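Before any comments, here is the structure.
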Amino acid sequence: MTEPIVARTRDELAEALSRGEQESAVVLTMGALHAGHRALIHAARDLVGTGGAVLVTIFVNPLQFGPGEDFERYPRPFGADLAVCAEEGVDLVFAPATEELYPLGDPQVTVAPGPLGAELEGAVRPGHFAGVLTVVAKLLNLTVPSYAVFGEKDYQQLVLVGRMVADLDLPYEIVGVPTVREADGLALSSRNRYLSADERAAAPVLGRALEAGAAAAAGGPDAVLAAARAELTGVELDYLELRGADLEPAPATGPARLLVAARAGTTRLIDNIAVDLP
Ligand SMILES: Nc1ncnc2c1ncn2[C@@H]1O[C@H](COP(=O)(O)OP(=O)(O)OP(=O)(O)O)[C@@H](O)[C@H]1O
Ligand SMILES: CC(C)(CO)[C@@H](O)C(=O)[O-]
Ligand code: BAL
């Protein structure tokens with residue numbers, strides 16, 4: 001097992017990137033790495049092969065956290081994260097300090113996420129996706145990969161990153177990876193560690209609700225939502241919505257996406273599933 005190169009500054013990153021011309025794939029994270037991130041790293045390696053370079057960024061981005069959210073509390077187990085990267089054969093880790101990524105302080109020019117950025121997660125977390133897209137654009141322009149790998153667990157983020165790349169002609173291929181789940185259906189998330197025993201016992205209702213909704217697709221959109229809603233007990237619901245695969249309003253037929261966000265105690269969980277409307 002070889003240790004990844006660790007770059008903490010732009011100069012260290014540029015020097016590391018200058019050493020090779022291989023094709024690269026990047027996985028952008030906020031650390032606290034789990035099996036979901038490992039799946040993204042595996043996908044990145046599959047894209048570039050053993051001759052290519054897999055990069056992981058670890059940066060808890062203050063721009064995407066709102067007031068009263070968990071920026072300070074967010075887990076930062078950097079040593080453990082480096083061990084995961086070494087186990088998974090990551091070639092380069094870029095882990096800048098906030099002032100390294102934002103040397104001029106809060107950016108005056110940011111990426112506007114458009115109307116979708118104010119819906120679903122954006123309605124509950126105003127400004128979140130402007131923060132996400134701004135840091136994603138910066139990290140991609142610093143790491144200049146061929147591919148950038150994202151998880152379907154944050155489906156709206158995946159859609160918005162893809163739209164940013166398309167709208168701004170950014171030269172990166174965005175690749176999505178299916179959500180990795182616990183045995184009981186709970187989507188892996190760095191925030192799951194916040195859950196008390198009782199909250200953890202309640203949390204799988206999100207996955208169960210999504211499965212029930214998808215299974216009711218033959219009955220159409222109303223049946224999907226009714227079946228999902230019936231499972232959502234023991235949590236505080238933020239939203240349950242059926243949209244098109246591109247998160248536009250749900251079509252009457254064809255590929256759709258069922259999305260849920262809820263709180264188990266003070267821990268906010270999100271999840272989603274593909275639904276095929278007949
Ligand atoms: N269970 C999962 N399955 C697939 N991809 C995942 C999963 N969890 C996170 N990812 C992806 O990993 C990347 C980094 O996400 P992040 O570092 O925020 O981890 P996280 O588990 O989503 O943490 P958070 O608790 O903040 O949601 C994102 O593209 C995200 O969608
Ligand atoms: C993409 C990302 C790393 C940007 O901070 C974050 O939103 C995340 O981890 O999903
Ligand atoms: N992957 C989620 C990032 C956030 O909640 O800010």
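Numbering of ligands and ligand atoms starts at 1, following listing order. Note that these values count all heavy atoms, side chains included, but never hydrogens, waters or copies made by symmetry. Everything numeric in this text was worked out from a predicted model, so none of it was measured.
- If you number the atoms of ligand 1 from 1 as listed, the ones under 4.0 Å from a heavy atom of Leu188 come out as 1 (N), 2 (C), 7 (C), 8 (N).
- Atom numbering of ligand 1 starts at 1 in the shown order; those under 4.0 Å from a heavy atom of Ser190 are 19 (O), 20 (P), 21 (O), 23 (O), 25 (O).
- A salt bridge does not link Glu100 to Arg8: none of the charged side-chain nitrogens sits closer than 4.0 Å to a carboxylate oxygen.
- The protein atom (non-hydrogen) at minimum distance from atom 29 (O) of ligand 1 is Gly151 N, 3.0 Å.
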Kindly print each ligand 3 N/O atom paired with any protein N/O atom under 3.5 angstrom away, one pair per line, or none if nothing qualifies.
{"from": "ligand 3", "atom 1": "1 (N)", "to": "Asp154", "atom 2": "OD1", "distance (Å)": "3.2"}
{"from": "ligand 3", "atom 1": "1 (N)", "to": "Asp154", "atom 2": "OD2", "distance (Å)": "3.3"}
{"from": "ligand 3", "atom 1": "5 (O)", "to": "Arg125", "atom 2": "NH1", "distance (Å)": "2.8"}
{"from": "ligand 3", "atom 1": "5 (O)", "to": "Arg191", "atom 2": "NH1", "distance (Å)": "2.8"}
{"from": "ligand 3", "atom 1": "5 (O)", "to": "Arg191", "atom 2": "NH2", "distance (Å)": "3.3"}
{"from": "ligand 3", "atom 1": "6 (O)", "to": "Gln64", "atom 2": "NE2", "distance (Å)": "2.8"}
{"from": "ligand 3", "atom 1": "6 (O)", "to": "Arg125", "atom 2": "NH2", "distance (Å)": "3.4"}

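- The heavy atom nearest to atom 19 (O) of ligand 1, out of those in Glu182, His37, Met30, is found in His37.
- Phe94 has its side chain within reach of Leu142: a pair of non-hydrogen atoms, C-beta onward, lies under 4.5 Å apart.
- Here His34 has side-chain heavy atoms under 4.0 Å from ligand 1, and that is the only part of it that gets that close.
- Among the atoms of Phe150, none of the N or O lies under 3.5 angstrom from an N or O of ligand 1.
- In summary, the atoms of ligand 1 found under 4.0 Å from a heavy atom of Arg191, numbered by their order in the structure, are 24 (P), 25 (O), 26 (O), 27 (O).
- Leu40 and Val161 fall into different hydrophobic clusters, where Ile, Leu, Val, Met, Phe, Trp and Tyr are joined by side-chain heavy atoms under 4.5 Å apart, directly or via other members.
- Residue contacts with ligand 1: Asp154 is placed with a nitrogen or oxygen under 3.5 Å of a nitrogen or oxygen of the ligand (distance criterion only).
- With distances taken over non-hydrogen atoms, the option nearest atom 28 (C) of ligand 1 out of Lys153, Arg38, Gln157 is Gln157.
- With hydrogens and angles left out, the side-chain atoms of Tyr239 and Glu121 include a donor and acceptor closer than 3.5 Å.
- Protein heavy atom closest to atom 3 (N) of ligand 1, with residue, atom name and distance, is Val180 N, 2.8 Å.
- Annotation: Tyr74 places an N or O atom under 3.5 Å from an N or O atom of ligand 1; distance criterion only.
- Residue Leu40 touches ligand 1 through its side chain alone, judged by heavy-atom distances below 4.0 Å.
- When all heavy atoms of Gly31 and Ser190 are compared, the closest pair comes out as O-OG, 3.6 Å.
- Residues Phe59 and Leu33 do not share a hydrophobic cluster, clusters being chains of Ile/Leu/Val/Met/Phe/Trp/Tyr side chains in contact below 4.5 Å.
- With a 6.0 Å cutoff to the six-membered ring centre and a 45° limit on the axis angle, Arg76 counts as a cation-pi contact of Phe71.
- The backbone of Pro178, and not its side chain, has at least one atom closer than 4.0 Å to an atom of ligand 1 (non-hydrogen atoms only; backbone = N, CA, C, O).
- We find that Glu119 and Arg243 are joined by a salt bridge, their nearest charged nitrogen and carboxylate oxygen being less than 4.0 Å apart.
- Tracing side-chain contacts under 4.5 Å through hydrophobic residues (I, L, V, M, F, W, Y), one never reaches Tyr155 starting from Met30; they form parts of separate clusters.
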| said: As a quick check of understanding, evaluate side chain to side chain donor-acceptor pair (under 3.5 Å) for Tyr102 and Asn61, giving each step before the final call. | reply: CA-CA 10 Å; Tyr102 299 114; Asn61 175 35; 2.6 Å; yes
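- Between Asp238 and Arg125 no salt bridge is recorded (no basic side-chain N to carboxylate O distance below 4.0 Å).
- Checked against a 3.5 angstrom limit, the closest N/O atoms of Ala187 and ligand 1 fall outside it.
- Note: Glu211 CD to Ile273 CD1 = 4.0 Å, rounded to the nearest 0.5 Å.
- Between Arg268 and Glu236, none of the side-chain N atoms (NZ, or NE/NH1/NH2) sits under 4.0 Å from a carboxylate O, so this pair counts as no salt bridge.
- Ring geometry for Tyr74 against Phe65 counts as perpendicular: the plane angle is over 60°, on a 0 to 90° scale with 30° as the lower cut.
- In terms of hydrophobic clustering, with Ile, Leu, Val, Met, Phe, Trp and Tyr side chains grouped at heavy-atom distances under 4.5 Å, Ile41 and Tyr147 are assigned to a common cluster.
- Shown here is Glu182, whose CD atom has more than 12 heavy atoms of other residues, nucleotides or ligands within 6.0 Å.
- Annotation for ligand 1: atoms under 4.0 Å from non-hydrogen atoms of Thr29 are 14 (C), 17 (O).
- Nearest to atom 25 (O) of ligand 1 among the protein's heavy atoms is Ser189 OG, 2.7 Å.
- A distance of 9.0 Å separates NZ of Lys138 from CG of Leu63, quoted to the nearest 0.5 Å.
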Check ligand 2 against the protein and report each N/O to N/O distance under 3.5 Å, formatted as atom name, atom name, distance.
{"from": "ligand 2", "atom 1": "5 (O)", "to": "Gln64", "atom 2": "OE1", "distance (Å)": "2.7"}
{"from": "ligand 2", "atom 1": "7 (O)", "to": "Gln64", "atom 2": "NE2", "distance (Å)": "2.9"}
{"from": "ligand 2", "atom 1": "7 (O)", "to": "Gln157", "atom 2": "OE1", "distance (Å)": "2.6"}
{"from": "ligand 2", "atom 1": "10 (O)", "to": "Gln157", "atom 2": "OE1", "distance (Å)": "3.3"}
{"from": "ligand 2", "atom 1": "10 (O)", "to": "Gln157", "atom 2": "NE2", "distance (Å)": "2.9"}

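- In summary, the side chains of Glu88 and His42 do present a donor paired with an acceptor at a separation below 3.5 Å, with no hydrogens or angles considered.
- Residue contact annotation: Leu28 has a non-hydrogen atom under 4.0 Å from ligand 1.
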